[in-house]
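To keep things clear, I will list the structure first and then write my remarks on it.
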Amino acid sequence: MKSNPTPVRAGVVAAVGFLALDAVLLVLAGAWMDRPALVVWGVVFAALAVVPVILWRRYLRHMDDVRTARHDMAEEIRHWQTRLRDPGSEPVRGEPRR
């Protein structure tokens, strides 16, 4: 099963774009209407725009770990399949040699 990262990437781009747009609009509205509370909230939203990127990179790192584990498991399965087909090469632990 292959995973498609496009929906996740699109969600991250949409979240960052939405938060960045909100941040810019809040800062502009706060500066235009002389309301410092809106400027503060704009800065908060600008800082929050980084969070989806950090979480996405963490997700990708975990997916790489899963991919590596699946590859290692497939290697181990191939190893055991060859051992089961040709059992005369090495005795399995606990079995006497023939």
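Taking the charged nitrogens against the carboxylate oxygens, D64 and R61 have no contact shorter than 4.0 Å, which rules out a salt bridge.
The distance from atom CE of M63 to atom CZ of R70, rounded to the nearest 0.5 Å, is 8.5 Å. Interatomic distance, L26 CG to D22 CG, rounded to the nearest 0.5 Å: 6.0 Å. Distance check, rounded to the nearest 0.5 Å: NE2 of H79 to CG of L84 gives 9.5 Å.
Counted within 6.0 Å of CG on D65, heavy atoms from surrounding residues, nucleotides or ligands total more than 12; the atom is thus considered enclosed. Within 6.0 Å of NE2 in H71 there are 12 or fewer heavy atoms belonging to other residues, nucleotides or ligands.
V16 is connected to W56 through a chain of hydrophobic side-chain contacts under 4.5 Å among Ile, Leu, Val, Met, Phe, Trp and Tyr, so both are in one cluster. Cluster annotation: L38 is connected to L48 through the hydrophobic network of ILVMFWY side chains, with a link wherever side-chain heavy atoms come within less than 4.5 Å.
Looking at heavy atoms from C-beta onward, W41 lies in side-chain contact with V44 at the 4.5 angstrom threshold.
For the side-chain hydrogen bond (donor to acceptor under 3.5 Å, both in side chains) test, residues two or more places apart in sequence or in another chain that qualify with R78 are E75. Under the rule for a side chain to side chain contact (heavy atoms under 4.5 Å, CB included), the partners of A23 that lie at least two apart in sequence or sit in another chain are F45, A46. For I77, the side chain to side chain contact (heavy atoms under 4.5 Å, CB included) partners are M73, Q81, not counting sequence neighbours.
Residues V43 and V27 approach most closely at N-CG2, 4.2 Å, considering heavy atoms. Shortest non-hydrogen contact noted between P52 and L19 is CG-CD1, 4.2 Å.
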